[in-house]
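Down below is the structure, laid out as structure tokens.
Heavy atoms only: backbone and side chains are in, while hydrogens, waters and symmetry mates are out. If you read the sequence from its start, that first residue is 1, and numbering goes on from there.
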Amino acid sequence: MNTRTVPKQFLELHGKPIIVYTIEQFQRHPLIDGIVVVMLEGWIDHFNDLAKRYCLDKVAAVVPGGDSGQASIYNGLKKASELFPTDSTVLIHDGVRPLIDEKTITSAIECVKEHGSAITVSPAIETITLEDGTGKVGQIIERSKCKLAKAPQCFVLADILSAHERAIVECKSDFIDSASLMQYYGHDLYTVEGSPENIKITTPSDFYIFKAIVDAKESSQIFGI
């Protein structure tokens with residue numbers, strides 16, 4: 001994102017930080033009972049001020065992150081297990097995915113209750129190839145069989161916490177996300193299809209896409225489109 005002073009989740013659109021847009025989606029959802037935020041330790045006080053300003057009263061705790069994404073998720077799960085029953089449904093989401101919607105959250109919760117897991121996906125809209133290591137195009141994968149894994153990734157709290165604790169004992173710290181960790185430890189993963197708009201804001205172009213979508217939605221409300 002080429003920002004050296006402000007973490008990307010605190011970049012603002014129309015005066016509101018990205019992370020607030022994100023958490024507001026869960027704050028407003030009637031099936032969400034509480035939110036645990038995992039945060040860069042030096043920004044916790046600033047976030048707490050934002051939570052008060054934007055009335056994010058479902059935020060039950062804010063905890064510092066770890067040395068990796070995997071460790072940060074574990075910190076959040078550990079705190080969640082102290083605050084909520086271990087048979088709760090937990091939705092693991094990126095602070096920089098502010099375009100998550102109510103329908104996807106609801107579908108994910110229902111899927112966990114039925115199957116024990118819910119991985120948010122969207123259809124692949126580009127051709128996907130595997131490189132052969134020589135610079136030539138390798139296998140071309142049929143697009144209709146491909147999905148892009150996104151967030152939230154959702155599980156029963158006890159199951160995902162147990163998998164993390166096994167990984168700690170076995171010194172396995174290189175899982176790319178919760179889905180890969182859970183699959184490694186033998187859990188079946190079920191998918192729910194989310195909106196293609198549910199992008200992760202990683203680059204400047206992602207931010208401009210986010211801005212365009214937010215502005216378009218606001219215009220549609222104003223003009224009744």
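Other residues, nucleotides and ligands contribute more than 12 heavy atoms inside 6.0 Å of the CG atom of Asp49. Heavy-atom contacts from other residues, nucleotides or ligands closer than 6.0 Å to CD of Glu24 number more than 12. Heavy atoms from other residues, nucleotides or ligands lying under 6.0 Å from CD of Glu41 number 12 at most. The neighbour count for Leu130 CG, taken as heavy atoms of other residues, nucleotides or ligands under 6.0 Å away, is above 12.
A donor-acceptor pair under 3.5 Å is formed between the side chain of Arg97 and the backbone N or O of Asn198. Formation of a donor-acceptor pair under 3.5 Å by the Ser162 side chain with backbone atoms of Asp159 is not found in this model. In this structure a side-chain-to-backbone donor-acceptor pair under 3.5 Å is present from Asp206 to Thr203. Judged by distance alone, the side chain of Gln9 and the main-chain N or O of Ile19 form no donor-acceptor pair under 3.5 Å. Side chain of His29 to backbone of Leu31: a donor-acceptor contact under 3.5 angstrom is found.
Between the side chains of Ser180 and Asp177, at least one donor N or O sits under 3.5 Å from an acceptor N or O. With no hydrogens or angles considered, no side-chain donor-acceptor pair links Asn75 and Ser72 at under 3.5 Å. Side chain to side chain, Tyr184 and Lys172 meet the donor-acceptor criterion of an N or O pair below 3.5 Å. One side chain, Ser144 or Glu142, offers a donor N or O that lies under 3.5 Å from an acceptor on the other. Of the N and O atoms on the side chains of Thr104 and Asp101, at least one donor lies less than 3.5 Å from an acceptor on the other residue.
A continuous path of Ile, Leu, Val, Met, Phe, Trp and Tyr side chains, each step under 4.5 Å between heavy atoms, connects Phe47 with Phe26, placing both in one hydrophobic cluster. Put simply, Phe175 and Ile168 are part of the same group of oily side chains (I, L, V, M, F, W, Y) that touch within less than 4.5 Å, one to the next. Two different hydrophobic clusters hold Ile92 and Met39 under the rule that ILVMFWY side chains link at heavy-atom gaps under 4.5 Å. By the rule that hydrophobic residues join a cluster once side-chain heavy atoms approach within less than 4.5 Å of another member, Tyr74 and Met182 end up as members of one cluster. In the hydrophobic cluster analysis, where Ile, Leu, Val, Met, Phe, Trp and Tyr join through side-chain heavy atoms closer than 4.5 angstrom, Ile35 is grouped apart from Val90.
Checking Pro196, Ser122, Pro123 one by one against Leu148, the side chain to side chain contact (heavy atoms under 4.5 Å, CB included) holds for a single residue, Ser122.
Between the OG1 atom in Thr22 and the NZ atom in Lys200 there is a gap of 11.5 Å [rounded to 0.5 Å]. Taking CZ from Phe210 and CG from Leu13, the interatomic distance works out to 5.0 Å, rounded to the nearest 0.5 Å. Rounding to the nearest 0.5 Å gives a distance of 12.5 Å between CD1 of Ile160 and OG1 of Thr89. Rounding to the nearest 0.5 Å places CD1 of Ile32 at 10.5 Å from CD of Gln27. To the nearest 0.5 Å, the span separating CG on Asp215 from NE2 on His14 amounts to 3.5 Å. A distance of 12.0 Å separates OG1 in Thr86 from CG in Leu77, rounded to the nearest 0.5 Å.
The heavy-atom pair separating Gly34 from Phe84 by the smallest distance is CA-CZ, 3.8 Å. Here the shortest heavy-atom pairing between Gly76 and Val36 reads O-CG1, 3.8 Å. Of all heavy-atom pairs spanning Ala71 and Gly66, the tightest one is CB-CA, 4.0 Å. Taking both residues in full, the closest heavy atoms of Thr120 and Pro152 are given as OG1-O, 2.6 Å, listed atom of the first, atom of the second, then distance. Ala149 and Val121 make their closest contact through CA-CG1, 4.2 Å (heavy atoms, listed as atom of the first residue, atom of the second, distance). Shown here for Ala151 and Asp94, the closest heavy-atom pair between the two residues is CB-OD2, 3.6 Å.
Proximity of Ile199 to Phe207: side-chain heavy atoms (C-beta onward) are nowhere separated by under 4.5 Å. Side-chain contact between Leu50 and Leu56 is absent, with no heavy-atom pair separated by less than 4.5 Å. In this structure the side chain of Ile201 reaches within 4.5 angstrom of the side chain of Pro98, judged on heavy atoms. Between Ile23 and Tyr54 there is no side-chain heavy-atom pair separated by less than 4.5 Å.
Electrostatic pairing of Lys150 and Glu197 does not count as a salt bridge here, judged by no charged N lying under 4.0 Å from a carboxylate O. A salt bridge is defined here as a Lys NZ or Arg NE, NH1 or NH2 lying under 4.0 Å from an Asp or Glu carboxylate O, and Glu110 with Lys113 fails to meet this definition.
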Side-chain atoms of residues 185-194: list all donor-acceptor pairs with protein atoms under 3.5 Å, sequence neighbours left out, distances to 0.1 Å.
| unit_1 | atom_1 | unit_2 | atom_2 | d |
| --- | --- | --- | --- | --- |
| Tyr185 | OH | Ala167 | N | 3.3 |
| Tyr185 | OH | Glu170 | OE1 | 2.9 |
| Glu193 | OE1 | Lys147 | NZ | 3.3 |

Inset, instruction - Let me see the working for Ile109 and Leu91 under side chain to side chain contact (heavy atoms under 4.5 Å, CB included), right down to the final yes or no. - result: CA-CA 8 Å; Ile109 292 171; Leu91 296 84; 4.0 Å; yes
Inset, instruction - Test side chain to side chain contact (heavy atoms under 4.5 Å, CB included) on Ile100 and Tyr21 and set out the steps. - result: CA-CA 9 Å; Ile100 181 68; Tyr21 280 96; over 6 Å; no
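Sorted by first and then second residue, the salt bridge (charged side-chain N to carboxylate O under 4.0 Å, His left out) pairs with a member in residues 57-66 form an empty list; sequence neighbours excluded.
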